[in-house]
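Please read all numbers here as calculations on a predicted model, not as lab measurements.
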Amino acid sequence: MKIIIAVVGLPGSGKTEVTKILVEKGFKKIYFGDITFEEIKRRNLEINEKNEKMVREEIRKKYGMAAYAILNLPKIKKSFEQGNVVLESLYSWDEYKTIKNEFGDAFYVIAVYAPPKIRYARLKNRETRSLTPEESKNRDYAQIENLAIAGPIAMADFTILNTGTLEKLKNETGNILSKLTEL
């Protein structure tokens with residue numbers, strides 16, 4: 001049985017690490033944020049938090065809150081024909097509903113959670129696109145208030161508390177995959 005897993009959570013929670021683990025297990029990755037970066041490059045803008053936010057908001061204003069799911073749907077369908085898919089950076093409730101309506105019981109969500117202090121420290125030390133604690137807090141607020149990110153997190157089929165080591169995160173992700181293969 002082929003499946004699609006969306007990995008959701010606030011910035012710095014560990015979504016990218018869980019996604020990497022799933023890719024190592026053979027999942028094809030679709031990163032919703034690629035649409036933002038492609039548009040930034042098309043406009044010859046610098047990649048930074050300010051431009052990312054501006055482009056994200058413009059895309060959602062033009063296409064609605066399901067924008068990233070809708071714009072990625074052809075890529076998701078093509079990848080799903082070939083095997084398992086992992087979606088990184090599905091944020092809004094409307095994106096969740098779009099993917100759920102399209103793929104039904106083949107669609108699962110893993111929420112990755114870590115407290116703000118841990119996430120902000122991770123984001124500050126991140127090699128690419130690092131954020132100050134103030135930028136991290138502002139991004140959290142924007143995602144919670146403007147994107148309805150709480151919906152996909154609340155509807156998650158599985159939740160990982162990511163406050164420990166990378167090894168622990170790998171084990172928890174492996175346990176979830178084992179449960180999914182038993183279904």
Side-chain angles (χ1 to χ4, degrees), residues 1-35 65-73 75-123 126 136 139-183:
M1 174 180 104
K2 293 183 292 183
I3 59 173
I4 297 175
I5 297 175
V7 181
V8 301
L10 289 167
S13 60
K15 296 182 305 290
T16 300
E17 294 302 324
V18 171
T19 299
K20 284 179 189 175
I21 295 164
L22 294 172
V23 168
E24 289 170 5
K25 302 284 186 184
F27 282 70
K28 168 75 171 148
K29 177 178 116 172
I30 307 289
Y31 176 54
F32 278 23
D34 281 344
I35 288 171
M65 290 304 291
Y68 285 83
I70 292 166
L71 294 171
N72 276 297
L73 212 47
K75 215 185 299 186
I76 297 167
K77 286 179 180 179
K78 184 177 180 184
S79 295
F80 189 57
E81 286 174 8
Q82 300 166 9
N84 295 326
V85 177
V86 59
L87 307 177
E88 183 179 4
S89 296
L90 177 146
Y91 290 121
S92 78
W93 177 238
D94 288 345
E95 290 169 349
Y96 168 89
K97 291 188 298 184
T98 297
I99 301 299
K100 187 67 172 172
N101 288 339
E102 187 70 35
F103 297 100
D105 291 340
F107 176 58
Y108 295 91
V109 176
I110 298 174
V112 186
Y113 176 81
K117 284 185 181 181
I118 291 173
R119 291 186 300 99
Y120 296 175
R122 289 175 183 161
L123 291 168
R126 191 162 64 175
S136 296
R139 187 140 185 210
D140 277 357
Y141 282 32
Q143 288 187 5
I144 292 166
E145 294 170 354
N146 303 333
L147 299 182
I149 195 170
I153 293 170
M155 293 300 292
D157 300 287
F158 304 94
T159 300
I160 297 172
L161 177 60
N162 183 22
T163 57
T165 65
L166 184 56
E167 193 61 36
K168 184 178 178 196
L169 184 64
K170 286 180 181 181
N171 289 338
E172 290 200 39
T173 304
N175 290 340
I176 290 169
L177 278 179
S178 293
K179 289 176 185 172
L180 285 172
T181 57
E182 293 171 5
L183 297 177

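Residues satisfying the side-chain contact (heavy atoms from CB on, under 4.5 Å) criterion with S89, sequence neighbours excluded, are K15, Y31, F32, Y91. Remark: R122 engages no residue in a salt bridge (Lys or Arg N to Asp or Glu O under 4.0 Å) (not counting sequence neighbours). Contacts of I153 classified as side-chain contact (heavy atoms from CB on, under 4.5 Å), with partners at least two apart in sequence or in another chain: V8, A111, I149. Residues satisfying the salt bridge (Lys or Arg N to Asp or Glu O under 4.0 Å) test with K170, not counting sequence neighbours, are none. Residues forming a side-chain contact (heavy atoms from CB on, under 4.5 Å) with F27 (at least two apart in sequence, or on another chain): I3, I5, L22, K25, N84, V86, L177. Partners of K20 according to the side-chain contact (heavy atoms from CB on, under 4.5 Å) rule, which considers only residues two or more places apart in sequence or in another chain, are T16, E17.
Separation of atoms CD1 (I99) and CZ (F107) is listed at 6.0 Å; rounding is to 0.5 Å. Between atom CD1 of residue I176 and atom CD1 of residue I110 there is a gap of 4.5 Å, rounded to the nearest 0.5 Å. The CG atom of L161 sits 8.0 Å away from atom CD1 of I118, with the distance rounded to the nearest 0.5 Å.
Residue pairs satisfying the salt bridge (Lys or Arg N to Asp or Glu O under 4.0 Å) criterion with at least one member in residues 140-160, sequence neighbours excluded, are listed as follows: R119-D140. Residue pairs meeting the salt bridge (Lys or Arg N to Asp or Glu O under 4.0 Å) criterion with at least one member in residues 77-90, sequence neighbours excluded, are K29-E88, K77-E102. For residues 91-101, every residue pair satisfying the salt bridge (Lys or Arg N to Asp or Glu O under 4.0 Å) rule, not counting sequence neighbours, is listed here: R60-E95, D94-K97.
Between the side chain of N162 and the main chain of S13, a donor-acceptor pair closer than 3.5 Å is present. In this structure a side-chain-to-backbone donor-acceptor pair under 3.5 Å is missing from T98 to A66.
Residue K75 is tested with N72, L73, L71 for a side-chain contact (heavy atoms from CB on, under 4.5 Å); the sole match is N72.
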